[in-house]
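The next block holds one structure in the form of structure tokens; read it before the comments.
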Amino acid sequence: MKKKMQKLLSENEEKISQNSESIFKIGDKEISTTIKELGRKKTERIIVDEIEKKLDTEYIGQEIYCFQEVDSTNNVAKFLAESGTNEGTIIIAETQTKGKGSRGKKWESPLGGIWLSIILRPDISPSKAPLITLATGVAVTNVLRNLGVDARIKWPNDILINDKKVSGILTEANAKFNTVDYVIVGIGIDSNLNIENLPSRIQPGSTSLKKELKTDIDESQVIANFLHEFEKIYNLFKEEKFDDILYYWRSLAHTIGNNVEIQQTLGKKIKGYAVGINRKGALILEKHDGTLIKVISGECIVQDND
Ligand code: BTN
């Protein structure tokens, strides 16, 4: 991780007016200070000052760092979390060279999207971490619906508009001795993205807010609204009001009440009728023989209900 950060810094050395030799001599604390300095420099599309003007949160987004390009905002967030950065800190990038998707997939992150990570330090057992993904899904979906689109959540972490993906969430938890040290929640939103700038294989299943609403999206407003919604639902999570989160998730779910196929690693596929999710965020499927099974992870394909 340190190497990656050093690379990020050396690649941006002109912007921070340091030469790479001096960067390679400094330690983690100094690297994190330098990353923060770099993250406060003005970027072209996403303007931190604009987000801050619109922000009304108590602790989510009190520190925001925005970069023109990083490998992955989740990686930068992890590095800063390791060096003691506060809960609620936000890392944003205009593009990512190695954006990470769920199940080890690449997340395409060209110019025109919101690529954002949040550092969290919840006092919870690691088994509760999947609920943070569900809570984040609710926050993103509420923000998108308030813009006027019919956004819904496909278990566990995709936000869809008219069956096309507009946003995804990747939660990475760092646990030590059955307690959580920090959690990084990464959110990608296709805001002003031109779908043609995505690889052709994912274009048919993707959409953007600009495409759906036929207008340019004010990204600083979307980010400020999201941080507001996120703080509300994350407070419920910290108060252990898990049933409330699940209630909101279910009311926005695209998956429940459909026949689905779950594609897992090593080609394993499970088919069934999605009846709900349990308190740990697992999907409950009713198989053809009537038995109920719970699925913890996998890619969910919603099938035609005939
Ligand atoms: C998925 O649906 O597969 C999850 C996508 C998560 C993408 C976001 S973009 C910001 C953050 N940084 C990353 O590298 N990934 C997440």
Side-chain angles (χ1 to χ4, degrees), residues 1 4-5 7-8 35 39 43 45-46 51 61 64-81 89-120 129-130 132-141 143-144 151-161 163-174 182-193 197-199 201-202 205-209 219 222-223 226-227 230 254-255 262-265 281 297-302:
M1 181 60 61
K4 276 189 188 154
M5 285 306 117
K7 191 160 173 279
L8 181 145
I35 290 175
T43 36
R45 274 191 48 252
I46 299 180
I51 303 170
I64 303 180
Y65 302 106
C66 183
F67 302 86
Q68 216 175 313
E69 179 176 290
V70 296
D71 64 346
S72 152
T73 54
N74 269 29
N75 288 349
V76 177
K78 263 190 221 171
F79 184 86
L80 293 181
T89 298
I90 307 298
I91 315 300
I92 307 173
E94 296 189 337
T95 56
Q96 299 183 113
T97 52
K98 286 187 187 146
K100 298 191 283 184
S102 45
R103 293 175 295 285
K105 286 195 207 154
K106 183 175 185 211
W107 179 258
E108 299 294 338
S109 322
L111 215 58
I114 296 171
W115 321 126
L116 175 154
S117 301
I118 313 176
I119 298 175
L120 301 174
I132 298 183
T133 307
L134 300 186
T136 308
V138 171
V140 175
T141 308
V143 171
L144 303 195
R152 301 211 152 257
I153 313 172
K154 180 163 78 82
W155 179 87
N157 61 353
D158 292 351
I159 316 299
L160 308 181
I161 303 174
D163 291 339
K164 295 191 177 199
K165 185 157 170 172
V166 67
S167 170
I169 299 156
L170 176 68
T171 304
E172 299 184 274
N174 183 295
Y182 60 83
V183 174
I184 307 298
V185 184
I187 302 105
I189 305 176
D190 294 349
S191 43
N192 282 314
L193 204 79
N197 291 341
L198 293 173
R201 82 193 137 77
I202 60 169
S206 307
T207 193
S208 71
L209 293 173
E219 280 156 343
V222 171
I223 294 171
F226 166 69
L227 298 180
F230 182 83
H254 169 271
T255 316
I262 309 297
Q263 300 181 349
Q264 296 186 309
T265 44
S297 68
E299 166 113 35
C300 172
I301 316 286
V302 176

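Only this structure's heavy atoms are used, side chains among them; waters, hydrogens and symmetry mates stay out. We count ligands from 1, going down the list as the structure has it; atoms in each ligand are counted the same way. From a predicted model like this one, the values you see are computed outputs, not experimental measurements.
Remark: N157 pairs with S102, T133, I169 by the side chain to side chain contact (heavy atoms under 4.5 Å, CB included) rule, at least two apart or across chains. When the side chain to side chain contact (heavy atoms under 4.5 Å, CB included) test is applied to A139, the partners found at least two apart in sequence or on another chain are F226, E229, F230, I233. For A81, the side chain to side chain contact (heavy atoms under 4.5 Å, CB included) test picks out I119, R121, Y182, I184, with sequence neighbours left out.
With hydrogens and angles ignored, the 3.5 Å screen pairs a side-chain donor or acceptor of W155 with a backbone N or O of G281.
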Working for side chain to side chain contact (heavy atoms under 4.5 Å, CB included), residues I114 and I187:
CA-CA 8 Å; I114 296 171; I187 302 105; over 6 Å; no

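Contact annotation: the side chain of I223 approaches that of L227 to within less than 4.5 Å [non-hydrogen atoms, C-beta and beyond].
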For each nitrogen or oxygen atom of ligand 1, which protein N/O atoms lie closer than 3.5 Å, and how far apart are they, rounded to 0.1 Å?
residue: ligand 1; atom: 2 (O); partner: K165; partner atom: NZ; Å: 2.6
residue: ligand 1; atom: 3 (O); partner: S102; partner atom: N; Å: 2.8
residue: ligand 1; atom: 3 (O); partner: S102; partner atom: OG; Å: 2.9
residue: ligand 1; atom: 12 (N); partner: T73; partner atom: OG1; Å: 3.0
residue: ligand 1; atom: 12 (N); partner: Q96; partner atom: OE1; Å: 3.0
residue: ligand 1; atom: 14 (O); partner: S72; partner atom: OG; Å: 2.8
residue: ligand 1; atom: 14 (O); partner: Q96; partner atom: OE1; Å: 3.4
residue: ligand 1; atom: 14 (O); partner: K100; partner atom: N; Å: 2.7
residue: ligand 1; atom: 15 (N); partner: K100; partner atom: O; Å: 2.8

